Amino acid sequence: MTTTDPSSPSSSSSPSDPPITGARTAEFVSSGVPGHERPVPPVNSGFEIPPPSKPVGGKFAFFFALAQLGLFIALLGPVTISMAIKVISVVGPENATTAQGLVLGLGAFAALIANPVFGRLSDRTTSRFGRRRPWMVGGSIVLAIFLLVIAVANSVPMLIIGWFGAQLAANAAFAAYLATIADQVPPSQTAKISALGGVMQNVGILVATFVAGLFTEQMIPLFMVPALCGVVGMVAYALVLKDPQLHHKPAAEGWKAWIHTFWVSPRQHPDFGWAWISRFLLVLGSFMFTTFRLNWMIDHLGLTSAEAAQVVFVGVLIYTVVLVVVGQATGFVSDKIGRRKVFVFGSTALFAIGLLGLTQVNTVGHFYVIEAILGAAFGIYMGVDLALVIGVLPDPENSAKDLGVFNIANAAPQSLAPFLGAALIAGAAKNYSLLYVVAAALTFLGALAIIPVKKVK
């Protein structure tokens with residue numbers, strides 16, 4: 001999974017709505033995680049299992065939400081706070097930022113590759129238990145095993161192995177889980193179910209930070225309580241999921257087809273290229289902050305690990321409440337006036353201002369103000385960005401491939417940010433101001449990158 005942290009989006013008010021400009025023939029769903037949008041397969045897709053037509057009920061919605069909640073508690077806890085606590089316990093505060101950047105950066109690289117790969121494998125699975133269940137259940141269990149490896153690790157190499165394996169396993173589960181929206185939910189309900197997933201993502205982040213605050217000195221429960229939540233959520237959903245068996249595997253694909261999945265020519269499709277760059281830079285700036293947020297609170301604000309964990313929890317709560325309210329309102333207004341670019345530009349620029357404002361923060365109260373600003377910025381962004389992205393996809397007949405390419409703009413920065421951030425902080429002085437200035441500059445470039453887009457207003 002391309003993981004997102006507290007500065008991650010909730011879904012827009014209508015995540016599957018077609019754009020005002022450049023309407024497309026495909027229907028789309030989203031889990032609320034940017035870059036994980038997925039097209040609903042057309043009737044003539046070549047698969048023996050037909051697309052959904054019957055509405056899903058409350059039972060499906062409940063267990064779908066439970067699964068996303070559990071998986072995000074398990075996966076985003078380490079990204080948000082737990083890994084920082086663990087790394088400090090292994091290498092000490094002096095070397096923590098460098099070690100943490102290495103561990104999280106390599107793990108995010110695993111997510112970059114694993115999500116599209118396991119997604120394709122899930123599509124082609126012929127298990128008698130269905131296409132999705134084996135990956136959902138197996139992935140969550142293997143994730144728990146690797147989180148246990150992290151909990152007992154006493155060296156950076158073991159942390160790298162644990163987090164790399166955890167990301168592979170989580171993406172195996174998440175890719176199959178997300179596909180169940182397209183499998184089970186008819187187009188008339190995709191917006192409602194997708195929005196529910198986005199809410200559960202943010203609730204999962206809140207719960208993960210709360211759990212981390214309870215067990216800052218106890219490594220086993222710090223990682224294994226969230227791990228248990230992930231397994232329980234996925235298993236419960238798998239038990240109620242109607243996941244028919246695929247009896248005939250689709251035609252074999254060569255290695256060229258797999259490689260082609262990751263490429264769309266920016267010369268032939270410049271609007272797609274500019275939107276890709278804008279998303280890449282925004283996610284890069286966001287993760288440069290959130291990856292080292294706990295370290296910054298300890299080093300700059302003088303908090304203990306336990307105090308910092310509690311402050312992160314309150315900050316995430318403020319961020320999430322503002323994000324959800326502003327995001328819903330923005331999606332409504334954008335649909336009414338038929339405009340996308342002005343909101344994407346404004347929100348990305350506002351996020352850059354928030355990052356720059358971190359250089360002036362010296363108290364916990366000031367930090368909470370910045371969290372509110374960042375939440376408002378990302379709320380505006382996610383209220384409209386999916387509609388803009390769908391409007392610039394190059395080919396409706398190959399939308400799955402194009403969305404896979406766009407997902408790289410969400411996943412790749414999560415691998416780069418820990419390395420770049422650690423390099424900027426490096427040294428005895430730990431220059432967090434430089435980190436935030438660079439993050440803000442990159443994010444503002446992301447705002448400028450949306451201006452050349454022409455197909456969407």
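Just so we're clear, the structure is a prediction, and the values are computed from it rather than from any experiment.
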Would a 4.5 Å heavy-atom cut-off, applied to side chains only, mark Leu323 and Leu374 as touching? no

Residues Ala208 and Gly77: closest non-hydrogen pair is CB-CA, 3.6 Å

Practice task
Please test Ile150 against Met158 for side-chain contact (heavy atoms from CB on, under 4.5 Å), starting from the C-alpha separation and ending with a verdict.
Solution key: CA-CA 7 Å; Ile150 294 171; Met158 285 302 298; over 6 Å; no

For the backbone of Val344 and the side chain of Ser347, can you confirm whether one donor and one acceptor N or O come within less than 3.5 Å of each other?
yes

So does Ala275 get a backbone contact from the side chain of Arg279, meaning a donor-acceptor N/O pair under 3.5 Å? no

Would you check if Leu241 and Met136 make a side-chain contact, meaning some heavy-atom pair closer than 4.5 Å? yes

Taking every heavy atom of Leu143 against every heavy atom of Ala74, the minimum-distance pair comes out as CD2-CB, 4.0 Å

Q) Given the rule in the side-chain contact (heavy atoms from CB on, under 4.5 Å) test, do Val235 and Leu239 qualify, once you have shown the distances and angles that lead to the verdict? A) CA-CA 6 Å; Val235 171; Leu239 289 175; 4.2 Å; yes

Using atom types as modelled and distance alone, determine if a side-chain donor or acceptor of Ser305 lies under 3.5 Å from a backbone N or O of Ile85.
no

- Would you confirm whether Thr98, through its side chain, and Asn95, through its main-chain N or O, come within 3.5 Å as a donor-acceptor pair? no

Exercise for the section: Walk me through it: do Phe367 and Met297 pass the test side-chain contact (heavy atoms from CB on, under 4.5 Å)? Expected result: CA-CA 10 Å; Phe367 168 72; Met297 289 182 176; 3.2 Å; yes

Distance col, row Gln414:CD vs Ser286:OG, nearest 0.5 angstrom, shows 8.5 Å

Taking every heavy atom of Ala412 against every heavy atom of Phe280, the minimum-distance pair comes out as CB-CE1, 3.9 Å

Closest non-hydrogen atoms of Ser82 and Leu222, given as atom of the first, atom of the second and distance, are OG-CD1, 3.6 Å

Nearest heavy-atom approach of Leu71 to Ala170 is CD2-O, 4.3 Å

Minimal heavy-atom distance between Ala173 and Ser140, with the atoms involved, is CB-N, 3.9 Å

Under 6.0 Å from the six-membered ring centre of Phe289 and within 45° of its axis: does the NZ or CZ of Arg293 meet both?
yes

In this structure, are over 12 heavy atoms from other groups packed under 6.0 Å from Phe109 atom CZ?
-> no

Crowded around Phe419 CZ? As in, over 12 foreign heavy atoms under 6.0 Å?
yes

Counting distance only, does the side-chain N/O of Ser122 pair as donor-acceptor with the main-chain N or O of Phe118 below 3.5 Å? no

Donor-acceptor under 3.5 Å (Gln218 side chain, Phe215 main chain): no

| query | Between Met224 and Leu228, is any pair of side-chain heavy atoms under 4.5 Å apart? | reply | no

Value for CG (Leu442) from CE (Met288), rounded to nearest 0.5 Å, stands at 6.0 Å

- Is there a side-chain contact between Ile205 and Thr320, using heavy atoms and a 4.5 Å cut-off? no

Is the shortest heavy-atom distance from the side chain of Leu106 to the side chain of Trp163 under 4.5 Å? no

Distance col, row Tyr319:OH vs Glu371:CD, nearest 0.5 angstrom, shows 7.5 Å

(Q) If you apply the rule side-chain contact (heavy atoms from CB on, under 4.5 Å), what do you find for Phe129 with Asp243, and how did you get there? (A) CA-CA 7 Å; Phe129 298 105; Asp243 187 20; over 6 Å; no

#### Entry: Side chains of Leu282 and Phe378 in contact at under 4.5 Å (non-hydrogen atoms)
yes

- Query: Quick one: does Tyr177's side chain have a donor or acceptor within less than 3.5 Å of a partner on Ala172's backbone?
  - Reply: no

Query - Sidechain-backbone polar pair: Ser278 side chain, Gly446 backbone, donor-acceptor under 3.5 Å - result: yes

Next item on the list: Assess the side chains of Arg132 and Tyr237: does a donor N or O sit below 3.5 Å from an acceptor N or O?
Entry: no

Taken in chain and number order and not counting sequence neighbours, the residues that satisfy side-chain hydrogen bond (donor to acceptor under 3.5 Å, both in side chains) with Tyr436 are none

### Query
Counting only heavy atoms not in Trp276, do more than 12 fall under 6.0 Å of its CH2?
yes

Interatomic distance, OG1@Thr304 vs CD@Gln310, rounded to 0.5 Å, equals 9.5 Å

Contact between Thr97 and Gln100 at the side-chain level, heavy atoms closer than 4.5 Å - yes or no? no

Side-chain heavy atoms of Phe60 within contact of Gln184, under 4.5 Å: yes

Interatomic distance, CZ@Phe292 vs CH2@Trp296, rounded to 0.5 Å, equals 14.5 Å

When rounded to the nearest 0.5 Å, the distance separating CG of Leu281 from OG1 of Thr348 is 9.5 Å

Would you say Lys86's side chain and Ala153's backbone share a donor-acceptor pair under 3.5 angstrom? yes

